[in-house]
Amino acid sequence: MTRAVVLGGGFAGVLAAAVLARHADDVIVIENDHYPADLRARRGLPQSRHSHVLVAGGARALQELLPGTLEALFARGAHRRRLPGDALILAAAGWFRRLDTEAYLISCSRGLLDQVVRQRALGAVSTWPGTQALGLVGDASRVTGVSVRREGAPSEIIEADLVVDATGRRSKAPRWLAEIGVAEIEEVTVSSGLAYSTRVYQAPPDLAGETPAIMIHPRPVSGRPGQGATLFPIEDDRWIVTLTGTRGGEPPVDELGFADFARSLRDPIVAELMAAATPLGGIRPYRDTSNRRRFFERVRLPAGFVAIGDAVVAVNPVHSHGMSVAALSTLRLDKELTRRGLGPSAFPGLQAAMTAEADVSWRMAVAQDRGPAGREATAFEREIVTRRTRALLSSPQLAAEFFGAQTLTRAAKDGPAVVRALTGEPDPLLTTEEAVRQHPALYAWWNSATRVRAGGAPSRR
């Protein structure tokens, strides 16, 4: 009888367990935490109270892994928003026009997503909550199991043909591997300098279910921190609002400071929506946003071990790739095990396959978070960047390439659309009113709110 043990019962671990149930006779999930019976935030998931979205690539992978999961999420109130067709986005260069592309995101609370996935994934799996993983068993050539300790019990060893590390950013696998004689695992951290604060709101009745995804991107200004915001609709006619800022411009967690920060952004529409909504609960900060990569694939790993998800590559959460990369990686795991089986021949190259699924996200996140480096750009180079970013706002071809890359469905590449963008005259920038007018329900609310403000705050028209 074959057995697989998954360390970590979060999103990546649950999906890995669902996959392994197709290839092993017995699958056990080791989870230090306890799953809540309802949708409350889980203690062992520090980011559970913050924004979570599945981008198109991850959503497609999830649907392939667990058919019917997206329909189950939508039935319980999750939202699908096309990008940029169902989104109001203020990029560094200006407002995006509503354009049709194949890119989209799915937004809901993390509690809802996890509960729906667990219900569909763990039917043939044994889950050991309240159980601590203590280390790997075996040697540098072969992992044969894992040492664990259940609550109130002495440690014990679970023998396994495969141990999957899905314990996320705080993975102890490098130390555990070193204890059984494996070479040191190289680790690279790239700081994003980003912090964010999040609050959930009840949407006003006239905007319930009708709100586009709203994103205010930071605009880089020399010597000043970048600041931005997102507003995503989630189930039960609620919004989850996240304010972001880099060093020196971190969003506050007090009531007045949070509202003032939102109103100080390049456009105050998120602040205005917050003021019209009813806050639910407090403001939650999050600061662990560094990009981190562990190069498991660069050493000779023992057979019987593989790492997946954030344990391998964890990017700045603002890029919204973590869960989608986990889904793509577990889909790749399924395909690799179907081809290789669980025998000794499965393991050479298995870790490299898992890493390859995360590599695109890593390179994109690091390129953005490191910012410009090296020599100063020439005037010609700055003009090229300006033209390209302006054209992106109104070009269906460029938007499809850009959002396809951002949602992990296609690789970014230069082509004829880029050439036309660089040589043609870009469309005029939208005003705030023109941008909001693209979303009728939001515009009706905004226009009414503007008239109310007419005697006080200046109009943005």
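The shown structure was predicted, so the numbers you read here are calculated from the model rather than taken from an experiment.
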Novice: Here's a test for you: under side-chain contact (heavy atoms from CB on, under 4.5 Å), which of L265, I216, L243, T244 qualifies with Q227?
Specialist: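 Per the side-chain contact (heavy atoms from CB on, under 4.5 Å) rule, the option paired with Q227 is L265, out of L265, I216, L243, T244.
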Novice: From D236 CG over to L39 CG, what is the distance, rounded to the nearest 0.5 angstrom?
Specialist: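 So the CG of D236 and the CG of L39 are separated by 8.0 Å.
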Novice: Let me see the working for V164 and L7 under side-chain contact (heavy atoms from CB on, under 4.5 Å), right down to the final yes or no.
Specialist: CA-CA 6 Å; V164 177; L7 306 180; over 6 Å; no
Novice: Hey, are R170 and D310 close enough for a salt bridge, meaning a charged N less than 4.0 Å from a carboxylate O?
Specialist: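 Between D310 and R170 there is no salt bridge, as every charged N stays at least 4.0 Å from the carboxylate O atoms.
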Novice: Contact between L88 and W95 at the side-chain level, heavy atoms closer than 4.5 Å - yes or no?
Specialist: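 Yes - at least one pair of side-chain heavy atoms lies under 4.5 Å apart.
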Novice: To the closest 0.5 Å, what do you measure between CZ (R82) and CG (L105)?
Specialist: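 One finds 11.5 Å between CZ of R82 and CG of L105.
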Novice: So, S192 side chain and T289 main chain: donor-acceptor pair closer than 3.5 Å or not?
Specialist: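 Such a contact is found between S192 side chain and T289 backbone.
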Novice: Residues in side chain to side chain contact (heavy atoms under 4.5 Å, CB included) with A183, at least two apart?
Specialist: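 Checked A183 against side chain to side chain contact (heavy atoms under 4.5 Å, CB included); matches are V299.
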Novice: Using a 6.0 Å cut-off, check whether atom CD of Q202 has over 12 heavy atoms from anything other than its own residue.
Specialist: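 For Q202, atom CD is crowded (more than 12 foreign heavy atoms under 6.0 Å).
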Novice: Is the shortest distance from a Lys or Arg side-chain nitrogen in R332 or E336 to a carboxylate oxygen in the other one below 4.0 Å?
Specialist: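 Looking at E336 together with R332, the answer is yes, because their closest N to O distance falls below 4.0 Å.
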Novice: When you measure from the side chain of E187 to the backbone N and O of R294, does any donor-acceptor pair fall under 3.5 Å?
Specialist: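 Pair absent, no side-chain N/O of E187 close to backbone of R294.
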Novice: Give me the atom names and distance for the closest heavy-atom approach of P396 to T101.
Specialist: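 Where P396 meets T101 most closely, the heavy atoms are O-CG2, 4.5 Å.
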Novice: A quick test of your reading: do over 12 heavy atoms of other residues, nucleotides or ligands sit less than 6.0 Å from CD of E156?
Specialist: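 Yes - once you tally the heavy atoms of other residues, nucleotides and ligands closer than 6.0 Å, there are more than 12.
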Novice: Donor-acceptor check, side chain of T409 to backbone of T407, threshold 3.5 angstrom: yes or no?
Specialist: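 A pair under 3.5 Å: no.
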Novice: Is there a side chain to side chain donor-acceptor pair (under 3.5 Å) between S191 and R247 once you walk through the steps?
Specialist: CA-CA 11 Å; S191 175; R247 291 186 186 92; 2.6 Å; yes
Novice: Measure from the side-chain N and O atoms of E31 to the backbone N and O of G8, and report whether any donor-acceptor pair falls under 3.5 Å.
Specialist: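 The answer is no, because no donor-acceptor pair under 3.5 Å joins these two groups.
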Novice: Looking only at heavy atoms, which two atoms of M323 and F11 are closest? And how far apart?
Specialist: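 Shortest heavy-atom contact: O-CE2, 3.2 Å.
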Novice: For residues 178-208, pull every pair meeting ring pair (Phe, Tyr, Trp, His ring centres under 6.0 Å), keeping only residues two or more places apart or in separate chains.
Specialist: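 Of all non-adjacent pairs touching residues 178-208, those that pass ring pair (Phe, Tyr, Trp, His ring centres under 6.0 Å) are H50-Y196, Y196-Y286.
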Novice: Check whether R263 reaches the backbone of F258 with its side chain - one donor and one acceptor, N or O, closer than 3.5 Å.
Specialist: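 Judged by distance alone, no pair lies under 3.5 Å.
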Novice: Whether E179 and K172 form a salt bridge (side-chain N of Lys/Arg under 4.0 Å from carboxylate O of Asp/Glu) is what I want to check.
Specialist: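 No, K172 and E179 are not salt-bridged.
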Novice: Looking at CD of E357 and NZ of K335, how far apart are the two atoms once the value is rounded to the nearest 0.5 Å?
Specialist: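 That separation rounds to 8.0 Å.
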Novice: Mind running side chain to side chain donor-acceptor pair (under 3.5 Å) on N316 and D369 for me, showing each step along the way?
Specialist: CA-CA 8 Å; N316 178 354; D369 289 349; 3.3 Å; yes
Novice: Between the side chains of E186 and R298, is the shortest nitrogen-to-carboxylate-oxygen separation below 4.0 Å, so that they form an ion pair?
Specialist: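 Answer for the salt bridge query: yes.
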Novice: Checking the side chain of S51 only, and the main-chain atoms of T242 only, is there a donor and an acceptor separated by less than 3.5 Å?
Specialist: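 Side chain of S51 to backbone of T242: no pair is present.
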Novice: Using a 3.5 Å distance criterion without hydrogens, assess whether the side chain of H217 forms a donor-acceptor pair with backbone atoms of A92.
Specialist: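 Side chain of H217 to backbone of A92, a donor-acceptor pair under 3.5 Å: no, none is there.
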Novice: Just by modelled atom types, is the R3 backbone N or O under 3.5 Å from a matching donor or acceptor in the D161 side chain?
Specialist: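 Yes, the answer is positive, given that a donor and an acceptor are paired below the 3.5 Å cut-off.
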Novice: Return yes if some donor-acceptor pair links the side-chain N/O of S197 with the main-chain N/O of P251 below 3.5 Å, else return no.
Specialist: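 A pair under 3.5 Å: yes.
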Novice: D25 side chain to T2 main-chain N or O, any donor-acceptor pair under 3.5 Å?
Specialist: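 The answer is yes, because a donor-acceptor pair under 3.5 Å joins these two groups.
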Novice: Answer whether the closest heavy-atom distance between the side chains of W128 and V29 falls below 4.5 Å.
Specialist: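 No, side chains not in contact.
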Novice: When you look at E151 and Q132, which way does the side chain to side chain donor-acceptor pair (under 3.5 Å) test go after all the steps?
Specialist: CA-CA 8 Å; E151 288 177 324; Q132 181 183 5; over 6 Å; no
